[in-house]
Amino acid sequence: AVEAAAARAAASRDAAREELQRCGAELLEAQEHTQTALAIAERHANERDDALRTAAELRAALERVRGKEEAERRALAARAETAEAAA
């Protein structure tokens, strides 16, 4: 009876050890997946930041072009008024 109880206890201990090792392996795998996901998220954040920076630069360039167009339009209008007044 004692030997049977000892054998059951040993089998239970072995099963618990195997389960613990399995859980440890799953935890390590989950940590690897988390690190991969964090790296991907960081890359995406960098890409987003680059895209936002580019969009801001393009917006500023567009505003400069619009400003030049407006100045040229005003200059043309002033020249046209001067030409009409002279004629």
Side-chain angles (χ1 to χ4, degrees):
V2 172
E3 289 177 5
R8 283 194 305 275
S12 180
R13 179 201 63 220
D14 292 345
R17 181 180 291 136
E18 288 174 11
E19 180 66 18
L20 183 59
Q21 288 174 342
R22 195 168 31 256
C23 288
E26 289 175 5
L27 179 59
L28 289 175
E29 185 177 357
Q31 286 175 330
E32 290 172 4
H33 290 172
T34 299
Q35 288 175 341
T36 299
L38 288 172
I40 291 169
E42 183 177 0
R43 188 183 78 232
H44 288 174
N46 290 336
E47 290 171 355
R48 180 207 61 220
D49 292 347
D50 290 344
L52 289 172
R53 192 170 18 262
T54 299
E57 291 168 358
L58 292 173
R59 191 176 306 114
L62 180 59
E63 289 302 318
R64 285 191 301 273
V65 168
R66 285 182 177 163
K68 288 178 184 177
E69 286 178 347
E70 181 62 21
E72 289 173 7
R73 187 190 62 73
R74 287 182 186 156
L76 281 172
R79 276 189 248 140
E81 284 181 25
T82 303
E84 284 179 15

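None of these values were measured; they are calculated from a predicted model.
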K.L.:
If you measure from the Lys or Arg side-chain nitrogens to the Asp or Glu carboxylate oxygens, is any gap between Glu57 and Arg53 under 4.0 Å?
P.N.:
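Looking at Arg53 together with Glu57, the answer is no, because their closest N to O distance does not fall below 4.0 Å.
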K.L.:
Quick check: does any side chain N or O of Ser12 sit under 3.5 Å from a backbone N or O of Arg8, one acting as donor and the other as acceptor?
P.N.:
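Here the side-chain-to-backbone pair does not exist.
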K.L.:
Can you run down the salt bridge (Lys or Arg N to Asp or Glu O under 4.0 Å) pairs that involve residues 73-87, sequence neighbours left out, and say none if there aren't any?
P.N.:
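Qualifying pairs, neighbours excluded: Glu70-Arg73, Glu70-Arg74.
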K.L.:
With sequence neighbours excluded, give me every salt bridge (Lys or Arg N to Asp or Glu O under 4.0 Å) pair touching residues 20-33.
P.N.:
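Listed once each, the pairs are Glu19-Arg22.
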K.L.:
Rounded at 0.5 Å granularity, tell me how far CD in Glu47 sits from CG in Asp50.
P.N.:
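Reported to 0.5 Å precision, the distance equals 8.0 Å.
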K.L.:
Does Glu42 CD have over 12 foreign heavy atoms under 6.0 Å away?
P.N.:
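Count not over threshold, so no.
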K.L.:
Going from CZ on Arg59 to CG on Leu52, what distance comes out if it is rounded to the nearest 0.5 angstrom?
P.N.:
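Atom-to-atom, Arg59:CZ and Leu52:CG are 8.5 Å apart.
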